[in-house]
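Read through the structure below, which is laid out as C-alpha cells, and then see the notes.
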Amino acid sequence: MSFSDYLNGFAPADGMMHLMHSTTVATGASIIVQGELRTRPCTVYGGEDLLYLFYGRPAFKPLAGALPSGIDEHLPMCLVIDPDLLGEAIRILPFDSGGYSRYSNHTGVAVTRPDFELGPGCEIPMRLVRAFFDTNSNYYHQKPTADQGAIPITQLAARAFARLASDPALADDDDRRSTIEIQIGKTVPLAKALRAVIAPPVLLSDAEVMRTLDALPDVKRVTYSTYGRQQPTAYVGTVYDKVASFLIGEGVMS
C-alpha cells in the first residue's frame with residue numbers, strides 16, 4: 001500500500017489546524033502591504049509556481065549567518081491562514097520538501113521524496129497528525145507517538161517518517177523535518193484568508209501596515225516584546241507560544 005493508503009486507516013485528529021506562513025519582518029511587511037501571498041517558481045518541482053505553507057505550526061527558517069543585532073527586519077513573524085485553504089492544496093508532504101536532501105539518510109534508500117507526496121484532501125493533515133502524533137497538541141509540541149517497529153514492514157514511507165520524526169540525531173536540523181507542508185498553486189488574497197498576525201511591535205506599529213490591517217478588522221494582531229541585540233532565532237519560541245495561545249482560543253488545540 002501507498003503512504004496515502006496507510007493514512008486512510010486512521011481517523012482524522014480532532015480539529016482542523018490553521019495554516020502558517022512564517023517569515024522575517026521585512027518580508028512579512030511586504031506581504032501585508034501587497035495584500036496577498038504569492039507563488040514563486042520552485043526549483044524542487046521543476047519551476048512550478050507554488051506557495052508553501054505549514055500546517056498548524058509556525059516553523060521558521062532562520063536567516064543563514066544572522067548574528068545577534070538590533071536589525072528588526074530580521075525578526076520572525078507569522079501569518080495565520082484560514083484552514084479552509086486546505087481545499088486549494090495541490091500537494092501535501094509530512095515535512096519540508098526542500099530540505100529532504102538534508103535528512104534523506106535517515107529515511108533510507110528504499111524511499112524517495114515522491115513516496116511521501118500526498119493530496120489533495122482536507123483530511124490528509126489531520127490523518128497524518130493522528131497516525132504519528134495522536135493529537136494536535138502532541139504534533140504542535142513535536143512529541144511523536146508512532147513507533148516505527150509497530151508499523152508493517154511493507155509500509156516503507158510510514159516507517160521512514162516515524163523514524164524521521166523521532167530521531168534525536170538530527171539535533172542540528174530545524175523542526176520542519178516533521179512539520180506538514182502544504183503546497184498551493186495560486187496566489188492567496190489576505191482579505192479572504194488571513195486570520196491573525198503574530199509579530200513584534202516594529203511591524204504592528206508601522207503606519208502602512210496598520211492602514212492595511214485596519215481594512216481587515218477581523219484579523220487578530222498579536223505582538224511580542226523584543227529585548228535589544230538578539231539573534232532572530234531567540235524569538236522563535238515566543239512566536240510558538242503566541243500561536244499556541246491563538247490555536248487554543250480557536251478550540252483546535254488544548
Side-chain angles (χ1 to χ4, degrees), residues 2-8 10 12-13 16-23 42-46 48 50-62 64 76 78 81 83 85-86 89-148 151 155-185 233 236 240 243:
S2 67
F3 192 30
S4 180
D5 291 334
Y6 177 77
L7 294 177
N8 284 335
F10 292 85
M16 185 182 295
M17 303 180 81
H18 292 64
L19 307 184
M20 308 288 167
H21 186 79
S22 294
T23 186
C42 174
T43 57
V44 175
Y45 286 94
E48 188 176 346
L50 295 172
L51 166 64
Y52 287 90
L53 303 169
F54 284 119
Y55 179 73
R57 306 185 74 248
F60 176 69
K61 180 180 180 180
C78 180
I81 306 299
L85 195 63
L86 275 171
I90 61 173
R91 196 178 290 115
I92 298 171
L93 289 92
F95 46 60
D96 169 37
S97 60
Y100 186 70
S101 62
R102 297 198 307 274
Y103 35 76
S104 58
N105 287 340
H106 296 262
T107 58
V109 297
V111 291
T112 60
R113 189 188 66 244
D115 293 315
F116 298 95
E117 293 174 358
L118 303 160
C122 291
E123 289 190 344
I124 288 175
M126 301 167 74
R127 294 182 189 275
L128 265 164
V129 169
R130 180 71 78 193
F132 297 97
F133 299 90
D134 191 43
T135 67
N136 286 342
S137 181
N138 283 342
Y139 167 68
Y140 192 84
H141 293 94
Q142 291 292 275
K143 297 179 179 179
T145 56
D147 175 9
Q148 68 153 330
I151 300 173
Q155 295 295 331
L156 297 178
R159 287 172 62 90
F161 180 64
R163 184 165 60 249
L164 181 66
S166 60
D167 193 340
L170 288 171
D172 61 337
D173 197 15
D174 63 71
D175 61 1
R176 292 174 299 157
R177 64 183 167 104
S178 49
T179 298
I180 299 167
E181 178 182 276
I182 310 296
Q183 298 180 16
I184 309 290
T233 53
V236 171
Y240 268 91
V243 172

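Here the structure is a predicted model, which means the values were calculated and not measured.
You'll find the side chain of E181 stays beyond 4.5 Å of the side chain of L53, heavy atoms only. A heavy-atom distance below 4.5 Å is not found between the side chains of D115 and L156. Two residues are said to be in side-chain contact when any heavy atoms from C-beta on lie closer than 4.5 Å; P120 and I92 fail this criterion. Between S2 and D5 there is a side-chain heavy-atom pair separated by less than 4.5 Å. Residues T135 and V129 form no side-chain contact, since every pair of their non-hydrogen atoms from C-beta on lies 4.5 Å or further apart. Within the 4.5 Å cutoff, the side chain of V243 has heavy atoms near those of the Y140 side chain. Within the 4.5 Å cutoff, the side chain of L164 has no heavy atoms near those of the S178 side chain.
Ion pairing between R130 and E123 fails under the 4.0 Å rule for side-chain N and carboxylate O.
Counting all heavy atoms, side chain and backbone alike, P83 lies closest to L19 at CA-CG, 4.5 Å. In this structure, Y240 and A59 approach most closely via the heavy-atom pair OH-CA, 3.4 Å. The minimum heavy-atom distance linking L128 with P94 is given by the pair CD2-CB, 4.0 Å. Of all heavy-atom pairs between A131 and L7, the closest is CB-CD2, 3.9 Å. In terms of heavy-atom proximity, V111 sits nearest to A160 at CG2-CB, 4.1 Å. The shortest heavy-atom contact between A158 and I151 is O-CD1, 3.7 Å.
Y55 contributes a side-chain N or O that, together with a main-chain N or O of M17, makes up a donor-acceptor pair within less than 3.5 Å. Listed for the S22 side chain is a donor-acceptor partner under 3.5 Å among the backbone atoms of P58. Between the Q183 side chain and the Y52 main chain, no donor and acceptor come within less than 3.5 Å of each other.
To the nearest 0.5 Å, the span separating CG on L86 from NE2 on H18 amounts to 10.5 Å. With values rounded to the nearest 0.5 angstrom, M20 atom CE is found 11.5 Å from I182 atom CD1. Atoms CG and CD1, from L51 and I81 in turn, are 8.5 Å apart once rounded to the nearest 0.5 Å. Rounded to the nearest 0.5 angstrom, Q148 CD and S166 OG are separated by 7.0 Å. Here CD of E117 is found 8.0 Å from OG1 of T112. Values are rounded to the nearest 0.5 Å.
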*asked:* With side chain to side chain contact (heavy atoms under 4.5 Å, CB included) as the criterion, how do I90 and I184 come out once you've worked through the C-alpha distance, each side chain's angles and the decisive distance to 0.1 Å?
replied: CA-CA 6 Å; I90 61 173; I184 309 290; over 6 Å; no

*Determine, step by step, whether H21 and C78 satisfy the side chain to side chain contact (heavy atoms under 4.5 Å, CB included) criterion, reporting the C-alpha distance in whole Å, the side-chain angles of both residues, the deciding distance to 0.1 Å, and the verdict.*
CA-CA 6 Å; H21 186 79; C78 180; over 6 Å; no

*asked:* Show, in sequence, the C-alpha distance, side-chain angles and deciding distance for L118 and L93, and conclude whether the side chain to side chain contact (heavy atoms under 4.5 Å, CB included) test is met.
replied: CA-CA 6 Å; L118 303 160; L93 289 92; over 6 Å; no

*What do the steps show when you test Y45 against L50 for side chain to side chain contact (heavy atoms under 4.5 Å, CB included), and what is the final call?*
CA-CA 9 Å; Y45 286 94; L50 295 172; 4.1 Å; yes

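Taking the six-membered ring for Trp and thresholds of 30 and 60 degrees, F161 and F133 have ring planes more than 60 degrees apart, a perpendicular arrangement.
Of the options R113, R176, R57, a salt bridge (Lys or Arg N to Asp or Glu O under 4.0 Å) to D96 is made by R176 and by none of the others.
For an aromatic pair to be called close, the ring centres must be under 6.0 Å apart, and Y139 with F132 fails this.
Y100 and T107 are linked by a side-chain donor-acceptor pair at a separation below 3.5 angstrom, with hydrogens and angles left out of the test.
A cation-pi arrangement is not found for R127 relative to Y6, the charged atom failing to lie both closer than 6.0 Å to the ring centre and inside a 45° cone about the ring normal.
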